[in-house]
Amino acid sequence: MSAPRPVLLIGCGALAREISWAITRGGWPNMELVCLPADLHNRPQDIPGAMKARIRAAKETGKYSKILAIYGDCGTGGALDAVLAAEGAGRIAGAHCYEFYTGSRAFTALNDEEAGSFYLTDYLVRFFDRLVIEGLGLERYPHLKDEYFRNYKRVVYLAQSDDAALRKKARQAASRLGLDYVYRHTGFGGLESYLAAAGTPPEEEKDDLRKT
Amino acid sequence: MSDDEDDIVLSKLDDAQLVLQMHDDIYDGLGDEIIEGTQILLQRGWTPFDVLTKALVEGMGVVGVDFRDGILFVPEVLQSANAMKAGMSILRPLLAASDAPRMGKMVIGTVKGDIHDIGKNLVGMMMEGAGFEVVDIGINIDAEAYLAALEEHKPDILGMSALLTTTMPYMKVVIDSLKTKGIRHDYIVLVGGAPLSEEFALSVGADAYCRDAAIAVDIAKSFMARQQGAAIAVLDA
Ligand code: B12
């Protein structure tokens, strides 16, 4: 019997490292990962088009048994899901990565507890300067900090790893924004369970993508 | 360059040049220059409403277009908005005391669970610039608070903003509670925020979706004109 055709994961660049780790840890050799640039995050209107192009290119290779997007809706207002539905690709549930790391119910509880929460993941902590400080133009216009964050009370670090250096950096990030600091370990959360479920494609799905 | 030199330069420009310079200064987010330009135009006898619309709003309009087209980004828009705000703080008391056109009244807020407010603030500012009275009730607003604000301020327009996929459905909760109270048709309901769409707005029962502040102003004006048209038709009948 030949090996099952691989599953292609199209992820957000902000999740690349975590998805790769989860794949390695889960031992799913038939999963391949490609990522769209993480900075699409700030231009969500460009995500659906970029996703569609990537899916089309992947389909053309005829190589994959299925294609899954490891993306939140990410502020596309359903436009990403429309593309995925049209292309026959799946997506992990959740509005954004904070939600699927934490789990929907727990995330809602966190946000209800304090609406003024700004969330960090390992990725955001690691690249805080580039993504948050530079991304919001704070290195050029430091005085805009209050304009962005005046409604915020706390930074909630949703940690995928257990890493003292990152915790320290997250705490520094919070104090740089002048906000309280809260730490929550989420692990890979919903990401891992979604990948586990997708890890072994059922036989009948094998030919799905050849047809389109 | 020192302030003095700036002074001399701005005041030496003729009106048309000064207005163009102010458009550039708004674009570059230069609040001090905008304050100065505003004062010069007022001294030259311009009405506060003309300074507002021709120098400030038009300048901010260019910023809006370049933001939409991906040429300017959020920090630059904020800088520009702050420059415009600086000019408006001089004009606001003068406008209130003048017979500048009053277009209508709007209550605006960001829905429950959401504390994004940059877009909402910009819409409020541009609506004010177009002659609307704007009551900004802030962020994380639940249905009760919207209803209380409508009761208190009796606006023509209710504006709701949401930037999160998870919070946008809350607009329906607010609109449904207006329906339950039988007051849905007392207000024009405009909604906005990057993840929204025309279909979404109609599905929750809003009157219109506004992609940006300039469109919000146009749509608000056309709804007000229609409403006034309807009122005149009733009077004529
Ligand atoms: C700036 C920003 C922030 C700032 C907000 C600062 C502030 N004071 O508002 C900060 C960094 C603090 C922030 C925080 C968060 N953000 Co944010 N943020 C953005 C970003 C990059 C730009 C939004 C913005 O201000 N645009 C500029 C203004 C001018 O445009 P606008 O808001 O669209 O408004 C215009 C129109 O939409 C319209 N309009 C808007 N409202 C209204 C209302 C009416 C009545 C009318 C008529 C028109 C109208 O007119 C406006 C002017 O032209 C967007 C991405 C994007 N490009 O949209 C993400 C985005 C909205 N954020 C997002 C997220 C996830 C968050 C956080 C959860 C992130 C975190 N790490 O914690 C938190 C939110 C926490 C909370 N409890 O609310 C996601 C939402 C994803 C989703 N599935 O919904 C986005 C889409 C980014 C992404 N792709 O992930 N954010």
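Order of the sequence lines sets the chain letters (A, B, ...), proteins ahead of strands, with each chain counted from 1.
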Distance-only check: which donor-acceptor pairs of chain B and chain A lie under 3.5 Å?
{"from": "E76(B)", "atom 1": "OE2", "to": "R140(A)", "atom 2": "NH1", "distance (Å)": "2.4"}
{"from": "Q79(B)", "atom 1": "OE1", "to": "H143(A)", "atom 2": "NE2", "distance (Å)": "2.6"}
{"from": "N82(B)", "atom 1": "ND2", "to": "E147(A)", "atom 2": "OE1", "distance (Å)": "3.4"}
{"from": "N82(B)", "atom 1": "ND2", "to": "E147(A)", "atom 2": "OE2", "distance (Å)": "3.4"}
{"from": "D117(B)", "atom 1": "OD2", "to": "R150(A)", "atom 2": "NH2", "distance (Å)": "3.4"}
{"from": "D117(B)", "atom 1": "OD2", "to": "N151(A)", "atom 2": "ND2", "distance (Å)": "3.0"}
{"from": "T165(B)", "atom 1": "OG1", "to": "D73(A)", "atom 2": "OD2", "distance (Å)": "2.6"}

**For chain B, the option from C74(A), G137(A), A95(A), G75(A) that forms the most heavy-atom pairs under 4.5 Å** = G75(A)

**Asked** Got a sec, which residues hit side-chain contact (heavy atoms from CB on, under 4.5 Å) with A22(A), two or more places apart in sequence or on another chain?
**Response** F188(A), L195(A)

**Segment of L144(A) engaging chain B (4.5 angstrom heavy-atom cut-off)** = side chain

**Message:** Please classify the contact of I115(B) with chain A as side chain, backbone, both or neither, using a heavy-atom distance under 4.5 Å.
**Reply:** both

**Request:** Verify the neighbour count for atom NZ of K181(B): are there more than 12 heavy atoms of other residues, nucleotides or ligands below 6.0 Å?
**Result:** no

